[in-house]
There are 2 protein chains.
Amino acid sequence: MSTSPSRRFKDDVFEQFARIGKAVASPKRLELLDILCQGPRTVEVLADQASLSLANASQHLQVLRAARLIEAEKSGLFVTYRLAEGVEGFYLGLRHLAEARLAEVEATTRAWLEQRGAMESVDGSELLQRALSGDVTVLDVRPAEEYRAGHLPNARSVPLAELRSRLGELPTDREVVAYCRGPYCVLAIEAVRVLREEGFSAVRLETGPPDWRAAGVPVEAGS
Amino acid sequence: MSTSPSRRFKDDVFEQFARIGKAVASPKRLELLDILCQGPRTVEVLADQASLSLANASQHLQVLRAARLIEAEKSGLFVTYRLAEGVEGFYLGLRHLAEARLAEVEATTRAWLEQRGAMESVDGSELLQRALSGDVTVLDVRPAEEYRAGHLPNARSVPLAELRSRLGELPTDREVVAYCRGPYCVLAIEAVRVLREEGFSAVRLETGPPDWRAAGVPVEAGS
DNA sequence: CGACTAATCAAGAGATCGGTTGATTACATG
DNA sequence: CATGTAATCAACCGATCTCTTGATTAGTCG
């Protein structure tokens, strides 16, 4: 059976589209994209954060690069990968679609949060407004370096690892809002747990820098 | 080696996200989504338009359904599939990303169009404005049934199959704008070729109903 | 009820994908 | 130039995916 030329054309086109699809068909590659939404990273860091072997991470990154979703830049001994133009928006769109349509995502997160005893879910945008307003203490509990790369205007950097030892710095009469990398990062969840243990009134802001950028919320850089 | 609970959580979450990715990792499934952007269809029609065997189409549709991208409704002997909420936007986003980032898509289309001798590429949005303004003849060359489901305000339905025999209906002193299902549908390309052969000044509008809906362009229904 | 049809199910062959391991390349540094 | 390190390449196995074929399930109609 012979194929019509227009069929061949369509097959070609959709084959191309599917390259993007195939690139985001693997959980690990999605996780790499998620990490890269935070900013450029070297292969080693990516492999570490995504719990992959170096070789495996490198392979996944090359798949993403072949689909033009990320770009590589070699400087000296290190290769730094960054998201390509327009990919952050696409990834967030995929995530939102998954959250909206797959009840399982909600179920998984709920299960995790409940197990950590942190379930009161404050309305996200309202909480973000309060964080921006300045009448709560806003904590950025990511590693200091990530804080430097971009953070909420009046957030102070207190990496989770240092939180316990720096509790004295925090005013005890104000509510504390903690955030980290986004909805599926666990740093802020842990931070809130610690803060509550120590008697603070703390809540978690579920969104992170990528979400804010996409929504046009101002994100400061530097210390 | 034991995995930390937070690693397990992340793995679960990204596994869920990847369900969406896997669903759009196949060219055939993307084509099915593309067709469904035009409106609900039965399995048989989908199989036919995508050049798939019935069983194969059914399988692909079930993959899409498992990812909650489409919904099925059985009425009598037929099962009608439709896009789920928010999926059209996601699909268009994927397509735009592919067009923007994969030079190969551009190359494929260009090759096809050149071969058909139809390469002058008029600016899309400007052409759409002219089509809406009413001072050109606008032809919807899709099957009549699809015209009825939604079309540009002052377009008239002239299915490609009937075009040659109905050329007399068209004013000869005005430019003709023909459109079909979208950028990767070949009906309008063929229509423009025919029209030019017959002495008309004709151009193709590359966008289609899904694009217009996404852009907020009014789309009328009925005859 | 029996014939017919839309759609799905089930099983299998072949291709593709994912991750591991060990070697190799490319660059920096003493 | 020898050494060390970031990253990639190459080969391989098991798992998953795709499509085909043939049987099966639901629903319609005479």
Side-chain angles (χ1 to χ4, degrees), chain A residues 1 3 7 10-12 14-33 35-36 40-67 69-82, chain B residues 1 3 7 10-12 14-33 35-36 40-67 69-82:
Chain A
M1 164 191 149
T3 22
R7 166 82 351 239
K10 284 192 189 175
D11 284 351
D12 283 356
F14 288 108
E15 191 79 45
Q16 295 300 327
F17 291 172
R19 285 174 57 190
I20 308 279
K22 285 187 215 286
V24 293
S26 143
K28 289 302 183 186
R29 286 197 287 272
L30 284 169
E31 184 162 5
L32 289 170
L33 285 180
I35 298 169
L36 284 171
R41 296 281 187 279
T42 66
V43 180
E44 197 180 23
V45 172
L46 286 163
D48 182 56
Q49 287 196 20
S51 308
L52 293 171
S53 75
L54 199 69
N56 196 7
S58 178
Q59 286 180 163
H60 278 305
L61 289 166
Q62 278 166 75
V63 173
L64 289 170
R65 192 156 78 126
L69 297 185
I70 63 177
E71 288 157 4
E73 189 190 352
K74 182 154 191 173
S75 79
L77 211 46
F78 294 80
V79 176
T80 308
Y81 283 93
R82 72 184 66 244
Chain B
M1 165 192 146
T3 23
R7 168 72 3 229
K10 284 191 187 174
D11 283 351
D12 283 355
F14 287 110
E15 190 80 45
Q16 295 300 327
F17 292 172
R19 285 174 58 190
I20 308 280
K22 284 188 215 286
V24 294
S26 144
K28 291 302 183 186
R29 285 197 288 273
L30 284 169
E31 186 162 5
L32 290 170
L33 285 181
I35 299 169
L36 284 172
R41 295 281 186 280
T42 66
V43 180
E44 196 179 25
V45 172
L46 286 162
D48 182 56
Q49 287 197 22
S51 308
L52 292 171
S53 76
L54 198 69
N56 197 6
S58 178
Q59 285 181 164
H60 278 306
L61 289 167
Q62 278 166 74
V63 173
L64 289 170
R65 193 158 77 128
L69 298 185
I70 64 178
E71 289 157 4
E73 188 190 352
K74 182 154 192 173
S75 78
L77 211 46
F78 294 80
V79 175
T80 307
Y81 282 93
R82 72 186 65 247

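Labels below follow one simple rule: chain letters A, B, ... track the order of the sequence lines, proteins then strands, and each chain is numbered from 1.
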Where [X] and [Y] come nearest, the two heavy atoms and their spacing:
{"X": "A:Leu32", "Y": "A:Leu52", "result": "CD1-CD1, 4.3 Å"}
{"X": "B:Ala18", "Y": "A:Ser26", "result": "CB-C, 4.0 Å"}
{"X": "A:Arg19", "Y": "A:Ala66", "result": "NH2-O, 2.6 Å"}

Output yes when at least one side-chain N/O atom of [X] is less than 4.0 Å from OP1 or OP2 of [N], else no.
{"X": "B:Tyr81", "N": "C:dT8", "value": "yes"}
{"X": "B:Asn56", "N": "D:dT20", "value": "yes"}
{"X": "A:His60", "N": "C:dC17", "value": "no"}
{"X": "A:Ser58", "N": "D:dT8", "value": "yes"}

Are A:Glu31 and B:Arg7 close enough for a salt bridge, meaning some N to O gap below 4.0 Å?
yes
Check this for me: does any side-chain nitrogen of one of B:Arg82 and B:Glu73 sit under 4.0 Å from a carboxylate oxygen of the other?
yes
Tell me which nucleotide among [options] gets nearest to the side chain of [X].
{"X": "B:Lys22", "options": "D:dA6, D:dC17, C:dG19", "answer": "D:dC17"}
{"X": "A:Lys74", "options": "D:dT20, C:dA6, C:dA26", "answer": "C:dA26"}
{"X": "A:Gln62", "options": "D:dT8, C:dC9, D:dC19", "answer": "D:dT8"}

Please state how far atom [atom1] in [X] lies from atom [atom2] in [N], giving the value in whole angstrom units.
{"X": "A:Leu77", "N": "C:dG30", "atom1": "CG", "atom2": "P", "result": "13 Å"}
{"X": "A:Glu73", "N": "C:dC27", "atom1": "CD", "atom2": "C1'", "result": "16 Å"}
{"X": "B:Phe78", "N": "C:dC4", "atom1": "CZ", "atom2": "P", "result": "17 Å"}
{"X": "A:Gln59", "N": "C:dT20", "atom1": "CD", "atom2": "P", "result": "10 Å"}
{"X": "A:Leu30", "N": "C:dG18", "atom1": "CG", "atom2": "P", "result": "11 Å"}
{"X": "A:Glu15", "N": "C:dA15", "atom1": "CD", "atom2": "P", "result": "16 Å"}
{"X": "A:Asp11", "N": "D:dT18", "atom1": "CG", "atom2": "C1'", "result": "14 Å"}
{"X": "B:Leu64", "N": "C:dA7", "atom1": "CG", "atom2": "P", "result": "16 Å"}

Verdict with supporting geometry, B:Arg29 and A:Phe14, side chain to side chain contact (heavy atoms under 4.5 Å, CB included):
CA-CA 9 Å; B:Arg29 285 197 288 273; A:Phe14 288 108; over 6 Å; no
Using a 4.0 Å heavy-atom cut-off across all strands, classify B:Arg65 as base, sugar-phosphate, or nothing.
nothing
At a heavy-atom distance below 4.0 Å, what parts of residues 42-55 of chain A sit against DNA chain C?
A:Ser53, A:Ala55
For the side chain of B:Gln62 and the backbone of B:Ser58, is there at least one donor-acceptor N/O pair under 3.5 Å apart?
yes
